[in-house]
**Student:** 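The structure that follows is given in the form of structure tokens.
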Protein chains: 2
Amino acid sequence: MGASKAAKAATHERILDIAAARIRSDGIEGLAVADLMKEAGLTHGGFYRHFDSQEQLVAEAAQRALVQGSEWTVAAGRHGGRQGYANLVDAYLSATHRDHPESGCGIAGIAADVARTSGPARTSYTRQVRECLRIVADLLGELDEDDAEREAALTVSALVGAITITRALGDSDISRRLLTDVRAALKERPSKD
Amino acid sequence: MGASKAAKAATHERILDIAAARIRSDGIEGLAVADLMKEAGLTHGGFYRHFDSQEQLVAEAAQRALVQGSEWTVAAGRHGGRQGYANLVDAYLSATHRDHPESGCGIAGIAADVARTSGPARTSYTRQVRECLRIVADLLGELDEDDAEREAALTVSALVGAITITRALGDSDISRRLLTDVRAALKERPSKD
DNA sequence: GTTGCAAGATGATGCTCGTCATCCTCAGAA
DNA sequence: TTCTGAGGATGACGAGCATCATCTTGCAAC
């Protein structure tokens, strides 16, 4: 069943995308080579034509998960200012995002796993957090620089914390209430009324 | 090597404590029965004299991890008011807490694992989050009730988020900066200056 | 002191998973 | 059209793990 170069590249991308999604929903430990390949429509044998080891796959998939997940903040950055900030908060703290980690923010999705690894995933993670903090600080640019940095740190922490907690809670009253409360608190905050 | 009732109870407690610690540092998947028993000074065989299955152990250990970790907020509640709030924020967002999840807050430590389970751990988790929110809201009691609820939601989310992110970052400049920034932002916040 | 019972040790079993050796089959060059 | 290289399939191996059967040993009741 030999394949062309284009087909191989497509397969490689497919495996990576699926791995990036599964890592966010099931964690790094939850990623099994055989399952992954089956989900890609292949069998386990061909895996090592694409990656040297599972460890290498995890490193690449973690990076991809982080980059894909960063489109949250990038999209918000496009709008800019207070409106972009509000859009980011509403989209991030939605039930949809809570219930679909596989296509969600990587900073929240793989934090626990990165904390338990000593591999290169930590480097990718750090870069992504830096970028995320910078973008949010820009959205809050009306304040002076130090204030913006602090507010960005608080915002990002609250976003990640709320999503992390509500994912553990599942879909319930407190879960929904926590999301709406944090949304409200974040949006009324930077304007010290 | 038969043991007395007291000895059995002590062993049971020891296993549970170790499991509660390991769950927080290595995750639920990282808990191996043989390793756990070895750490307790025993071999794997005796495990089933204490627990029906690993699943049951995990359920009990998760609950214990949550209760042990709740002493953060309980201690803060003892002081009460603005002082208790500041103490909680400083202790929670310390490098020590970041670097020692095994003895830290369970809400942050096992969130990702609970999100991936459908077992009874979710019930314990929900109860603990409720209690945590209530205690923090009490600390902010100067505000009216709705405000206090929103502020508590923001505070708890930010605490958990910051610890989660910084654990993934490890010990680095951004990690330390994020901790100090969130500490400062949280402490200057409820007093709308 | 004798005996029954249960904690804990030892070893076995079966499953899951990562990895590799080997075979098959088609894309692309000659 | 033929040949060859590589993508992918199949099957096997070994490690790690949860679980259980069985044996040993000391506590507790008589």
Side-chain angles (χ1 to χ4, degrees), chain A residues 1-62 64 110 113 116-121, chain B residues 1-23 25-62 110 113 116-121:
Chain A
M1 221 193 256
S4 67
K5 285 179 208 163
K8 159 149 193 190
T11 300
H12 190 92
E13 288 302 295
R14 191 151 32 96
I15 294 175
L16 260 183
D17 278 338
I18 295 172
R22 286 190 67 111
I23 278 182
R24 276 175 284 182
S25 65
D26 301 339
I28 287 180
E29 312 255 314
L31 187 78
V33 171
D35 286 356
L36 173 70
M37 295 300 279
K38 189 186 291 179
E39 199 173 333
L42 303 171
T43 58
H44 62 279
F47 176 80
Y48 293 89
R49 302 282 172 174
H50 293 279
F51 303 94
D52 288 344
S53 66
Q54 191 200 29
E55 195 181 351
Q56 188 208 330
L57 165 75
V58 164
E60 291 189 32
R64 173 155 302 206
I110 69 173
D113 295 289
R116 290 164 193 150
T117 346
S118 49
Chain B
M1 220 191 256
S4 66
K5 284 179 206 164
K8 159 151 193 191
T11 300
H12 190 92
E13 288 301 295
R14 190 151 33 96
I15 295 174
L16 259 182
D17 278 338
I18 295 172
R22 287 190 65 111
I23 278 182
S25 65
D26 301 339
I28 287 180
E29 314 255 314
L31 187 79
V33 171
D35 286 356
L36 172 71
M37 295 300 279
K38 189 186 294 178
E39 198 173 332
L42 302 172
T43 58
H44 63 279
F47 176 79
Y48 293 88
R49 301 281 171 178
H50 293 279
F51 303 93
D52 288 343
S53 66
Q54 191 200 30
E55 195 181 351
Q56 189 208 328
L57 165 75
V58 164
E60 292 189 32
I110 69 173
D113 295 288
R116 289 164 194 151
T117 3
S118 49

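Below, read A as the first sequence line, B as the second, and so on, with proteins coming before strands; counting in each chain starts at 1.
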**Student:** Near DNA chain C, which residues from residues 44-58 of chain A have a heavy atom under 4.0 Å away?
**Tutor:**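 Under 4.0 Å from DNA chain C: His44(A), Tyr48(A), Arg49(A), Ser53(A), Gln54(A).
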**Student:** Calculate the interatomic distance between Leu36(B) atom CG and dA18(D) atom P; express it in whole Å.
**Tutor:**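 From Leu36(B) CG to dA18(D) P: 9 Å.
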**Student:** Is a side-chain N or O of Glu29(B) found less than 3.5 angstrom from the main chain of Ile28(A), in a donor-acceptor match?
**Tutor:**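 No; zero donor-acceptor contacts below 3.5 Å.
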**Student:** Between Thr11(A) and dG7(D), is there a side-chain N or O to OP1/OP2 distance below 4.0 Å?
**Tutor:**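 Answer is no, no contact under 4.0 Å.
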**Student:** Side chain to side chain contact (heavy atoms under 4.5 Å, CB included) for Thr117(B) and Val58(B)? Distances and angles first, verdict last.
**Tutor:** CA-CA 11 Å; Thr117(B) 3; Val58(B) 164; 5.8 Å; no
**Student:** Taking for each residue the nucleotide of DNA chain C bearing the nearest heavy atom, is the 5' side occupied by Met37(B) or by Asp35(A)?
**Tutor:**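 Per heavy-atom nearest nucleotide, the more 5' residue is Met37(B).
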**Student:** Give me the residues of residues 19-29 of chain A where at least one heavy atom lies under 4.0 Å from an atom of DNA chain D, by number, or none.
**Tutor:**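 Under 4.0 Å from DNA chain D: no residue of residues 19-29 of chain A.
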**Student:** Could you give the side-chain donor-acceptor pairs of residues 13-21 of chain A under 3.5 Å, partners two or more places apart or in another chain?
**Tutor:**
residue, atom, partner, partner atom, Å
Glu13(A), OE1, Arg64(A), NH1, 2.9
Glu13(A), OE1, Arg64(A), NH2, 3.0
Arg14(A), NH1, Ala40(A), O, 2.3
Arg14(A), NH2, Thr11(A), OG1, 3.4
Asp17(A), OD1, Arg64(A), NH1, 2.9
Asp17(A), OD1, Gln68(A), NE2, 3.0

**Student:** Determine the minimum heavy-atom distance between Ile23(B) and Ala62(B), stating which atoms define it.
**Tutor:**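 Nearest pair, atom of Ile23(B) first, then Ala62(B): CD1-N, 4.1 Å.
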**Student:** In whole Å, I'd like the distance from the NZ atom of Lys8(B) to the P atom of dA9(C).
**Tutor:**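 To the nearest whole Å, that distance equals 14 Å.
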**Student:** My understanding is that only residues two or more places apart in sequence, or in another chain, count here; which of them pass side-chain hydrogen bond (donor to acceptor under 3.5 Å, both in side chains) with Glu39(B)?
**Tutor:**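 Arg22(B).
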**Student:** Return the minimal non-hydrogen interatomic distance between Arg116(B) and Asp113(A), and the atom names on each side.
**Tutor:**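 Heavy-atom minimum between the residues: NH2-OD2, 3.4 Å.
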**Student:** Using whole Å, what does the distance between atom P of nucleotide dT19(C) and atom CG of Leu31(A) come to?
**Tutor:**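 Rounding to the nearest Å, CG of Leu31(A) and P of dT19(C) are 11 Å apart.
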**Student:** Mind calculating the distance between NZ (Lys38(B)) and C1' (dG16(D)) to the nearest angstrom?
**Tutor:**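 Distance check: Lys38(B) NZ to dG16(D) C1' gives 12 Å.
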**Student:** Among dG7(D), dA9(C), dA18(D), which is the nearest nucleotide to the side chain of Thr43(B)?
**Tutor:**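 Selected nucleotide: dA9(C).
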**Student:** Take atom CG of Leu42(A) and atom P of dA9(D), then tell me their distance rounded to the nearest Å.
**Tutor:**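 Rounding to the nearest Å, CG of Leu42(A) and P of dA9(D) are 5 Å apart.
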**Student:** Sorted by first residue and then second, give each ring-ring contact (aromatic ring centres under 6.0 Å, His included) pair with at least one member in residues 11-37 of chain A; sequence neighbours left out.
**Tutor:**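 Qualifying pairs, neighbours excluded: His12(A)-His50(A), His12(A)-Phe51(A).
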**Student:** What residues form a side-chain hydrogen bond (donor to acceptor under 3.5 Å, both in side chains) with Glu60(A), not counting sequence neighbours?
**Tutor:**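 With neighbours one apart ignored, the set is Gln56(A).
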